[in-house]
Amino acid sequence: MANKRILLIEPGYKNKYPPLGLMKIAQYHGSRGKGDVVKFVKGPDRSVLLEHWDRIYITTLFSFEFQKIAETIDFAIDVAHGQTQRIFVGGIAASLMHEIFLKEPRWRGIRFIKGLLDQAPARALGLNEEDGDFYANDLDGTPIEDLIPDYDILEQISRTYIYPVRDAYFAYASRGCIRKCHFCGVPKLEGAQRDATPLTKFVQDVDAVYGPQRDMILMDNNVVASTRFKEIIAEIRDLGFTPGAKLIRGNDRGVLRRVDFNQGVDARILSKDRMYLRELSSICLSPLRIAFDHLGLKGPYETSIRYSHEFGLNDLSNYMLYNFHDSPTDLFERMYLNVRLNEELGIRIYSFPMRYQPTNLPNRTHVGDKWNRYYLRSVQLVLQATHGVVSGEPEFYKAAFGSTAAEFDNILSRPHHMIFNRHWFERYEGRGEFDDHQAAMARLSASEKAELLAFLSSRGPSQFEQSLGELPKNLQRVARFYVPMNRETELKVRSLQQGRRKNEIVADIRLSNEEIVEDAGLDEPDSDEPRPAPKRKRAKEAA
């Protein structure tokens, strides 16, 4: 039954890593599997409308990319000429928001897959011979989850999209997690902590087909919690990923290899025994990512950093969840701790604030109890200027976020055009207006400031001016500062700023694109405002 035509689609959002699930499905269907014809596209690609496809698979990633996912599913329906039973949708969003997908009337008949494809293929995909599903008798085959990825499909989109991380073994040494953090989707997706396929076999299988890869990207959610932790690290060493190791291909001089546990490691476990950092220092780990999700982890986190430094692991990356149960002051204190540790130990810690959104919410509209919508947008604007990276160098941290929690609060409460064009208002021609705003804010009581922020948070910037009459007279005078600059003025300011940038001193962010954490939505100007439900698009519109 070979020569079926299989279409794989990844929605057109930006993402750092290639779609591992689709790569494994390609392995199942392709020349080394069922012998089918496999095509991979990124986003709605009009060229596939001209061909017949026996089955279409769509992957999903971030739940707040629901709009792009919906557009992709609608496009697939057009590609399948309305035969929705040919379409399979899986991945993170499809698992965490399973009921939302199933309830959409226009998607009736589509197979939405929840969880991992870790059973025999026919069972994992829910195939049924009575429904005419081909390969429905594959009840004993190797689970798709256990196959090696098909790297060849990435070449099919290489002219239109390049993943920042691609020359790597994408693997798991363990699955699941021992924790049940309420903000995390891992317990729903993967369940309890357990071992995965031994890395040695996985690497050997990839090498046999695609040749050696430069890096090893391990997608484990909590590798240090594995009962096989020391064995996993020993395997990585035996595979050649030791400090200073290089991969030499042909006659080149070689490129440095690196290991990256890209989901981070658990400070609560690292801090219990120096053994963990001693073992991690024996591989070419770069960077060491440690989560610091709330201020209650300060003790274990700081101990873990000190142990890391003790064993020579000085290039550190740090996940910081915010907008959950924390406050802006909590976030500031966590970021500032890294500044103090950098100064004291002479190390390099980069922080990546990650905005919490419920895993089943189809947009980025959640506001934590101790946050407001205006402050969330302010944080996003500050991070846009730093490419999402918080430098631990004191001079640049203080310039971006302030020296105290009160200064951080002051920055977050500024008009957004004063944050976006910060140098203009702090140093150049906009300084007078900036000083006037600061003086006006200083005259407000705590309750008046709270009322102003509630006003700013309840509507988009374009509505500020027309809504001023809803405020008391004293707040109207302050609120006028928040009316956005008109387009002509904004372009003029940006043009003048361009000529001055060469004289500005900027933080030296010594991170490659491969090391920077992806945060879909960081570049979206209004990602914190509610969006209407996606509407059905015809293929010609979606493309």
Side-chain angles (χ1 to χ4, degrees), residues 15-17 61-64 92 164-165 177-187 189-190 217-225 259-271 276-277 280 285-305 307-308 313 315-326 328 330-339 341-342 347-359 364 366 368 376 379-380 382-383 386-392 397 401 509 511-522:
N15 50 311
K16 179 177 175 180
Y17 302 103
L61 187 55
F62 300 110
S63 58
F64 50 76
I92 295 175
V165 180
C177 184
I178 61 170
R179 311 288 183 196
K180 288 183 171 58
C181 302
H182 293 297
F183 55 80
C184 183
V186 170
L189 287 168
E190 298 189 14
I217 307 299
L218 292 162
M219 325 288 276
D220 299 46
N221 295 289
N222 199 345
V223 68
V224 292
V259 175
D260 184 359
F261 289 99
N262 76 324
Q263 298 300 304
V265 289
D266 192 334
R268 287 163 289 188
I269 297 175
L270 289 181
S271 61
Y276 292 103
L277 275 309
L280 289 171
L285 185 63
S286 178
L288 169 58
R289 305 184 191 273
I290 305 177
F292 191 6
D293 292 321
H294 56 84
L295 204 53
L297 294 174
K298 179 181 177 181
Y301 174 76
E302 184 171 350
T303 298
S304 298
I305 296 296
Y307 286 174
S308 301
L313 290 170
D315 288 338
L316 304 159
S317 176
N318 173 231
Y319 292 107
M320 285 192 181
L321 183 76
Y322 70 100
N323 190 39
F324 188 52
H325 294 323
D326 62 302
D330 178 303
L331 176 61
F332 176 85
E333 293 297 340
R334 283 180 285 153
M335 293 190 295
Y336 201 72
L337 175 60
N338 283 339
V339 174
L341 289 170
N342 276 3
I347 59 180
R348 184 185 70 156
I349 310 175
Y350 291 117
S351 301
F352 294 90
M354 309 293 285
R355 176 173 163 179
Y356 168 72
Q357 296 294 315
T359 55
R364 296 171 68 90
H366 175 76
L376 290 174
V379 170
Q380 186 183 31
V382 175
L383 291 175
T386 65
H387 305 288
V389 184
V390 179
S391 171
Y397 175 83
F401 299 94
I509 305 296
L511 288 174
S512 67
N513 287 336
E514 297 174 346
E515 295 174 281
I516 289 177
V517 173
E518 63 181 336
D519 176 21
L522 185 64

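Checking Tyr356 against Asp293 by side-chain atom types alone, no donor-acceptor pair falls below 3.5 Å.
With a 4.5 Å cut-off on side-chain heavy atoms, Leu376 and Tyr322 count as touching. Two residues are said to be in side-chain contact when any heavy atoms from C-beta on lie closer than 4.5 Å; His325 and His294 fail this criterion. For the pair Phe352/Met320, no side-chain contact is recorded, criterion being any heavy-atom separation below 4.5 Å from C-beta on. Proximity of Tyr301 to Asn338: side-chain heavy atoms (C-beta onward) are separated by under 4.5 Å at one or more points. Looking at Arg334 and Leu331, their side chains come closer than 4.5 Å, going by heavy atoms from C-beta outward. Using a 4.5 Å heavy-atom threshold, the side chains of Met335 and Phe401 count as touching. Between Val223 and Val265 the shortest side-chain heavy-atom distance falls below 4.5 Å. Contact annotation: the side chain of Leu270 approaches that of Val224 to within less than 4.5 Å [non-hydrogen atoms, C-beta and beyond].
In this view, Gln357 satisfies the side-chain hydrogen bond (donor to acceptor under 3.5 Å, both in side chains) rule with no residue, not counting sequence neighbours. The salt bridge (charged side-chain N to carboxylate O under 4.0 Å, His left out) check on Asp220 picks up nothing, with sequence neighbours excluded. Taking Ile92 as the reference, Leu61, Leu96, Leu189 meet the side chain to side chain contact (heavy atoms under 4.5 Å, CB included) condition, with sequence neighbours excluded.
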Could you go step by step and tell me if Ile349 and Val390 meet the side-chain contact (heavy atoms from CB on, under 4.5 Å) rule? CA-CA 9 Å; Ile349 310 175; Val390 179; over 6 Å; no
Check step by step if side-chain contact (heavy atoms from CB on, under 4.5 Å) holds for Val259 and Leu218. CA-CA 7 Å; Val259 175; Leu218 292 162; 4.1 Å; yes
Check step by step if side-chain contact (heavy atoms from CB on, under 4.5 Å) holds for Asn323 and Val379. CA-CA 11 Å; Asn323 190 39; Val379 170; over 6 Å; no
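Salt bridge annotation for Arg289-Asp260: present, with a cationic side-chain nitrogen under 4.0 angstrom from a carboxylate oxygen.
The minimum heavy-atom distance between Ser391 and Tyr397, with the atom names listed, is O-CB, 3.5 Å. Considering all non-hydrogen atoms of both residues, Pro358 and Ser63 come closest at O-OG, 3.9 Å. Nearest approach of Ala291 to Asn318, heavy atoms of both residues: C-ND2, 4.2 Å. Between Ala267 and Ser304, the closest heavy-atom pair is O-OG, 3.3 Å. The two residues Ile347 and Leu341 make their nearest non-hydrogen contact at CG1-O, 4.0 Å.
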